[in-house]
There are 2 protein chains.
Amino acid sequence: MSVAVENFIKAIYKNGVQDNKDTKPGNIAKKLGISNAAATDMAKKLATRDLLHYKKYQALELTEKGTKLAINLVRKHRLWEALLFKLFDMSLHDIHREAELLEHQTSDFLANKISAYLRNPKFDPHGDPIPSEKGHIIRDNNTFPLSKSKEGKTYIISRLLSDEKEFFDFCALHGLKCGNSITVTNQLQFNKMTQIYINNNTLLLNEDFTNIIFVKEINSDSNSSPEPTQNNYKLF
Amino acid sequence: MSVAVENFIKAIYKNGVQDNKDTKPGNIAKKLGISNAAATDMAKKLATRDLLHYKKYQALELTEKGTKLAINLVRKHRLWEALLFKLFDMSLHDIHREAELLEHQTSDFLANKISAYLRNPKFDPHGDPIPSEKGHIIRDNNTFPLSKSKEGKTYIISRLLSDEKEFFDFCALHGLKCGNSITVTNQLQFNKMTQIYINNNTLLLNEDFTNIIFVKEINSDSNSSPEPTQNNYKLF
DNA sequence: AAATAATTTTAAGTATACTTAAATTTTATT
DNA sequence: AATAAAATTTAAGTATACTTAAAATTATTT
């Protein structure tokens with residue numbers, strides 16, 4: 001399975017399941033930085049390999065085989081992130097960038113070794129769930145975006161859903177990290193901004209940020225998960 | 001730089017510097033499992049990219065740029081082997097196989113992180129020297145093949161020069177491992193076999209093996225190197 | 001030194017993964 | 001419902017990294 005094919009399948013999976021965007025060839029092409037024509041070509045080819053269903057002018061849908069491949073890649077990606085984060089004290093953005101390459105060259109054998117070494121972690125340093133070897137993905141309903149939080153309450157950060165360097169730089173700068181606690185001091189209705197208190201500082205965050213920073217109630221340790229914690233974003 | 005190009009350059013480097021075979025396209029092709037025609041094509045193309053010198057019907061020679069690329073890959077390969085061996089208790093053959101893939105997807109940044117984490121090791125678990133970030137390779141004249149050892153003496157195993165599973169399986173089975181000590185009980189002249197004593201067992205090894213198992217004198221800790229130790233095989 | 005063998009190169013062709021540009025189809029607008 | 005805009009598909013073409021088969025060159029044998 002080539003890297004191009006793997007990335008194509010993963011892009012469909014992520015658009016469909018995680019980002020809730022549609023999976024027409026054009027959207028996948030944009031995500032991967034290739035032409036629409038290339039995406040259509042690839043879609044047709046992968047349909048013959050039973051990785052996805054292709055109907056002209058319609059959204060692409062992964063087959064079971066395609067979905068398994070995508071989840072397997074996501075597993076490897078997140079295991080690498082967890083390992084690199086633990087061993088090397090790298091930033092969230094750096095571990096993402098390296099994992100994006102390593103995931104394609106990782107045997108199931110090695111993935112299991114990494115997982116065992118880390119004691120089969122359920123979440124990576126972004127708070128994203130790590131699929132099990134069999135493809136099962138934990139779904140936690142106790143976590144929700146900061147935009148839905150309530151004024152005056154204190155929460156634990158549970159997930160940072162992004163892969164953009166600027167966002168992670170901002171988070172690192174202000175102590176926004178899975179496991180840390182924040183207090184919501186103000187939910188401004190008129191401009192949809194949220195004021196929070198963290199590390200003795202006050203921050204004002206707009207919707208772009210409060211939609212991708214996830215939090216949970218302080219006592220909701222339903223799943224006894226480790227530091228980088230919980231989530232409920234659509235992953236199945 | 002594609003994986004195919006990287007492997008091509010590395011094959012020239014290894015044939016030339018380590019295995020002492022010649023580097024005509026045919027030998028490189030055999031090593032990589034591609035056709036002679038493909039090797040010639042590739043050689044011509046890489047000559048235009050200043051990675052090697054190409055003259056019809058002659059051996060390929062890496063340029064300085066090509067040599068640097070090869071050494072950088074060897075560095076990443078051996079760092080991965082050292083890391084995987086330390087973390088995951090994998091066999092010498094397994095770490096080689098995984099490193100062979102990972103080396104191509106490893107940034108210099110990550111390689112340096114791995115090196116620092118391992119406290120800048122000078123040797124990998126096979127006893128092969130790990131090139132420094134700048135490309136310097138330790139050369140140790142105190143180590144030599146078991147075939148050149150003397151009857152009755154006891155040595156420390158310093159290097160296992162191979163990438164064949166069968167060899168490593170044999171080594172693992174009999175405790176042949178860098179850092180372990182062996183006593184040469186017999187050097188048989190007539191059939192070039194060597195009898196050794198290791199782990200309370202006697203083994204009879206033929207030339208194929210005694211040429212790729214390297215040892216050093218017990219007190220020759222000239223370079224204060226760690227367990228997987230020393231070497232003097234041609235690497236520059 | 002000529003003949004034979006082995007190796008290398010050239011030539012022609014294939015699969016993958018793209019590109020741009022034009023044609024087609026769908027979606028949105030009025 | 002017709003038209004304009006947007007997206008998708010088709011068509012033609014490119015670069016990479018190979019293949020096999022034939023031609024050219026080098027190396028070996030007698």
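Every chain is numbered from 1, with letters handed out A, B, ... down the list of sequences. Heavy-atom basis, side chains included; hydrogens, waters and symmetry copies ignored.
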Atom pair distance, as rounded to whole Å: [atom1] in [X] and [atom2] in [N]:
X      : N       : atom1 : atom2 : answer
N36(B) : dA5(C)  : CG    : P     : 19 Å
D41(B) : dT10(C) : CG    : P     : 9 Å
K55(A) : dA7(D)  : NZ    : P     : 23 Å
M1(B)  : dT16(D) : CE    : P     : 13 Å

For A39(A), answer base if it contacts any base atom (sugar-phosphate contacts may also be present), sugar-phosphate if it contacts only those atoms, and nothing otherwise; contact means non-hydrogen atoms under 4.0 Å.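 Since no nucleic acid heavy atom lies under 4.0 Å of A39(A), the category is nothing.
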
Over all strands shown, is F8(B) touching base, sugar-phosphate only, or nothing at heavy-atom distances under 4.0 angstrom?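 Nothing: the residue F8(B), judged by heavy atoms under 4.0 Å, touches no strand.
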
Does S2(B) place a side-chain N or O at less than 4.0 Å from the phosphate oxygens OP1/OP2 of dA17(D)?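 So the side chain of S2(B) is within the cut-off, an N or O lying under 4.0 Å from OP1 or OP2 of dA17(D).
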
Looking only at side-chain N and O atoms, does K56(A) come under 4.0 Å of OP1 or OP2 in dT10(D)?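 Yes, because at least one side-chain N or O of K56(A) sits under 4.0 Å from OP1 or OP2 of dT10(D).
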
For residues 26-45 of chain A, pull every pair meeting side-chain hydrogen bond (donor to acceptor under 3.5 Å, both in side chains), keeping only residues two or more places apart or in separate chains.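 Checked against side-chain hydrogen bond (donor to acceptor under 3.5 Å, both in side chains) - neighbours excluded - the pairs reaching residues 26-45 of chain A are N15(A)-K31(A), D19(A)-K31(A), D22(A)-N27(A).
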
Side chain of [X], heavy atoms from C-beta onward: which of [options] has the nearest atom to it?
X      : options                   : result
A4(A)  : dC18(D), dT10(C), dC18(C) : dC18(C)
K24(A) : dT27(C), dA17(D), dT19(C) : dT27(C)
I34(B) : dT9(D), dT10(C), dC18(D)  : dC18(D)
M42(A) : dC18(C), dT9(C), dT16(D)  : dC18(C)
Y57(A) : dT9(D), dT19(C), dT26(D)  : dT9(D)
K45(B) : dA17(D), dT10(D), dT9(C)  : dA17(D)
P25(A) : dT8(D), dT10(D), dT9(C)   : dT8(D)

Cationic N near anionic O, under 4.0 Å, D94(B) to K165(B):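 So D94(B) does not pair with K165(B) through a salt bridge.
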
Side-chain donor-acceptor pair present, D124(B), H77(B), cut-off under 3.5 Å: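 Judged by distance alone, the side chains do not pair up.
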
At a heavy-atom distance below 4.0 Å, what parts of residues 97-106 of chain B sit against DNA chain C?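 Result for residues 97-106 of chain B: none.
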
